[in-house]
> 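Attaching a single structure in structure tokens format; questions to follow.
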Number of protein chains: 2
Amino acid sequence: MTKKHSSHLTMSDVAKKANVSKSTVSQYLNGRYEFMSKKTRDMIQRVIEETGYSPNVVARSLKVKKTSTIGVIVANILHKFSTEIIRAIEDACMEADVHVIVCNADDDPEKERKYIKALMAKQVDGFIVFPTGDNIDMYELLEERNIPLVFLDRIIPDLAVNTVLLDNFKAVDTAVQVFAQAGHTRIAIVTMPATAYVTPRLERIEGFRISMERYGLEMQENHIIDQPLDRIQQEVTGMMSGPAPPTAVLAGNDLVLLEILNECKNSGRHIPEDFSLISIDDVSYANVYQPSLTTIKQPSAEIGEKGAEVLLQKIRGEINDQQIVRMAPTLIARESVKELIEEN
Amino acid sequence: MTKKHSSHLTMSDVAKKANVSKSTVSQYLNGRYEFMSKKTRDMIQRVIEETGYSPNVVARSLKVKKTSTIGVIVANILHKFSTEIIRAIEDACMEADVHVIVCNADDDPEKERKYIKALMAKQVDGFIVFPTGDNIDMYELLEERNIPLVFLDRIIPDLAVNTVLLDNFKAVDTAVQVFAQAGHTRIAIVTMPATAYVTPRLERIEGFRISMERYGLEMQENHIIDQPLDRIQQEVTGMMSGPAPPTAVLAGNDLVLLEILNECKNSGRHIPEDFSLISIDDVSYANVYQPSLTTIKQPSAEIGEKGAEVLLQKIRGEINDQQIVRMAPTLIARESVKELIEEN
DNA sequence: CTGTTAGCGCATTCAA
DNA sequence: TTGAATGCGCTAACAG
């Protein structure tokens, strides 16, 4: 009757049981043992162990104005890229004893907006977001209120926000180089629509132009396909049956890759006999596919880790810059690129 | 100079600006307009809009003893199964305006334990966990403190906790039935080690025995492989080169499937000529693989949705049972199962 | 219809 | 070395 329900155990209860005052318990909890007798210290510890007391983080947060929680808003949680990054963020944050609230914007600016608002109300200490780009005012609001913010994967122009992303130029360049060295001259790139703010698509296409020129290859405009997923198969079919079709194709991401492979299956095309293929994103089945697929692996874990690191530093007030960090990809050479016999 | 920094805007500030008292603003925010003049109501609304005020959820949580946040602890966030479930949980929770903190236990009981403690301190309203099984005391503690808890994917025996998982028996039975109807009699199953608490593996093997008997097929003990991932390839090779090798193989999950496909590639075996194959888990490349792969798709989204629904109901005190819900899988028939010519 | 009051559980001066 | 007092921002009676 006298014993409170254990879930409502509070600091006062512990203090009472240990015959000390609340503040002493508080000091104990925060490791300020300096001015505390060994005796009271042990006493408090014993009571805490016996009761299984643990301090109420909500109350603490209210007091110290810090929740030790960050919000992560991913564009689409179903992408392996996202989950790998989330995992890395989690790991980094666990080290720092901060929690992560993951929100899935589902590529929907409205959802993103809603989540940013909700997380602000929840007083998160900072944000990591894969920005849709359609909520500039929200991003600005965060900056204005001095809430630390880091963007991942996408750059929002004209906004001075720390950003970590793949070095898309390098990724494309690596692929083009591999193709060029294997003797290919007619190279195509297939991506999803390069709409504003979707940096990876934008940069991969831009990088493609640059790299083609660098390796002295002539680019054909119709060898750049940027279409919605459900149109990619027919576009590829069209390109392949046109004049001077490409002998090498660069798939812009894992989803595009799947469409290309589907097209092959449906049209009876074979890799690498009919065309060589490299994909950005190292898919799980890259090894077992026949032929195994040469890929450009994104450093997802590193991107997540770096992003978390930058955010945590900003939260601690250790940095104050607005760098854009580009992480290098890795080429995983397998069997989907064929050496072309020189025709001279 | 008189204007406070916007991020510190509080209810009192709003009240002051609107010439009303705090409690009136509070009422407004909680939608209790009944006893409020249209005038004050409009006034408050205007001030809120102008200032961009949003209430501090932390303070509110402290007061109402409810955080509108649940904790989700997944065994391993890298599994597609997990991310699909997380996404479904998210969606369901967003509807109910509750937030989700996702933690990745990484199949490590220690991490699981740490997360449960941390989330309890954070006063989450409930838990959804893919239990490792090694923290029974923690699960019991949650029950004891009346913190709503739902298990996903794995059953912890002797613990009366609501659980939602795949109907593993049905999944296996579907596969065996397909094989049997195609004329196969020598069928094998390959899974990861069936250690305690890992319900899917346990039930899939048990179900395999049951189904084989149901379809009048004789089971060979050496046609059950339950080994760590890195041993699966050699075990399969061994089984296939032994006497009376299976003509059909059931892969216990996506990871096992990858190992089996790798084995095929390395040993030059072909599907479905050398053996037929069905996998539990519908992988992204099922269609593009040659031949396309027949799979048993887990209802991940439904499992997540149902789990969230049950938890939210428990939180609201609407239910008080301890059901185990098994969700039915779906057969996706493709080309990796070969009809065997009758040999009579 | 609106304002006053009294905490929620904790951290933090400031005295003792 | 410890304790009493104060307030974080909000809700919820209860008065008015």
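By convention in this document, chain letters (A, B, ...) are assigned in the order of the sequence lines, proteins followed by strands, and residues within each chain are numbered from 1. In what follows, every heavy atom counts, from backbone to side chain, and hydrogens, waters and symmetry copies are set aside.
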> Side chain to side chain contact (heavy atoms under 4.5 Å, CB included), that's the test. Do A:E305 and A:D91 meet it? Break it down for me.
CA-CA 8 Å; A:E305 196 181 332; A:D91 285 352; over 6 Å; no

> Tell me: CE of B:M11 to C1' of C:dA6, nearest whole Å?
14 Å

> Would you say the side chain of A:I70 lies within less than 4.5 Å of the side chain of A:I89, judging by non-hydrogen atoms?
yes

> Strictly by modelled atom types, are B:E90 and A:N104 linked by a side-chain donor-acceptor pair under 3.5 Å?
no

> More 5' along DNA chain C: B:R41 or B:V64, using each one's nearest nucleotide?
B:R41

> Quick one: does any side-chain atom of A:S68 pair with a main-chain N or O of A:K66 as donor and acceptor, under 3.5 Å?
no

> Whole angstrom is fine here: how far is it from OH in B:Y28 over to P in D:dC10?
15 Å

> Write down the distance between CE (B:M43) and C1' (C:dC1), rounded to a whole number of angstrom.
17 Å

> Looking at residues at least two apart in the chain, or sitting in another chain, which of them share a ring-ring contact (aromatic ring centres under 6.0 Å, His included) with A:Y53?
none

> Apply side chain to side chain contact (heavy atoms under 4.5 Å, CB included) to B:K314 and B:N162, showing your working.
CA-CA 10 Å; B:K314 284 191 82 170; B:N162 290 269; 3.0 Å; yes

> Taking CD1 from B:I44 and P from C:dT2, how many angstroms apart are they, rounded to a whole number?
8 Å

> What is the separation between atom CG on A:L62 and atom P on D:dC10, rounded to the nearest whole Å?
9 Å

> D:dG9 C1' sits how many Å from A:R60 CZ, rounded?
17 Å

> Is there a side-chain polar atom (N or O) of A:T10 under 4.0 Å from OP1 or OP2 of C:dC10?
yes

> Measure from CG on A:D13 to C1' on C:dC10 and round the result to the nearest Å.
13 Å

> Let me see the working for A:L141 and A:M120 under side chain to side chain contact (heavy atoms under 4.5 Å, CB included), right down to the final yes or no.
CA-CA 10 Å; A:L141 181 60; A:M120 283 178 75; 4.0 Å; yes

> Are any of the side-chain nitrogens in A:D42 or A:K38 under 4.0 Å away from the carboxylate oxygens of its partner?
yes

> Compute the angle between the rotation axes at the two ends of the helix from C:dC1-D:dG16 to C:dA16-D:dT1, each taken over five pairs, rounded to 10 degrees.
40°

> Using a cut-off of less than 4.0 Å, is there contact between a side-chain N or O of A:N56 and OP1 or OP2 of C:dC8?
no

> How would nucleotides 1-7 of chain D be written as a contact map, 5' to 3', with B for base contact, S for sugar-phosphate-only contact and - for no contact, using protein heavy atoms under 4.0 Å?
BBBB--B

> Under 4.0 Å between any heavy atoms, over every strand shown, what does A:Y53 touch: base, sugar-phosphate, or nothing? Just pick one.
sugar-phosphate

> Can you tell me if B:N135 uses its side chain to pair, donor with acceptor, with the backbone of B:M138 under 3.5 Å?
no

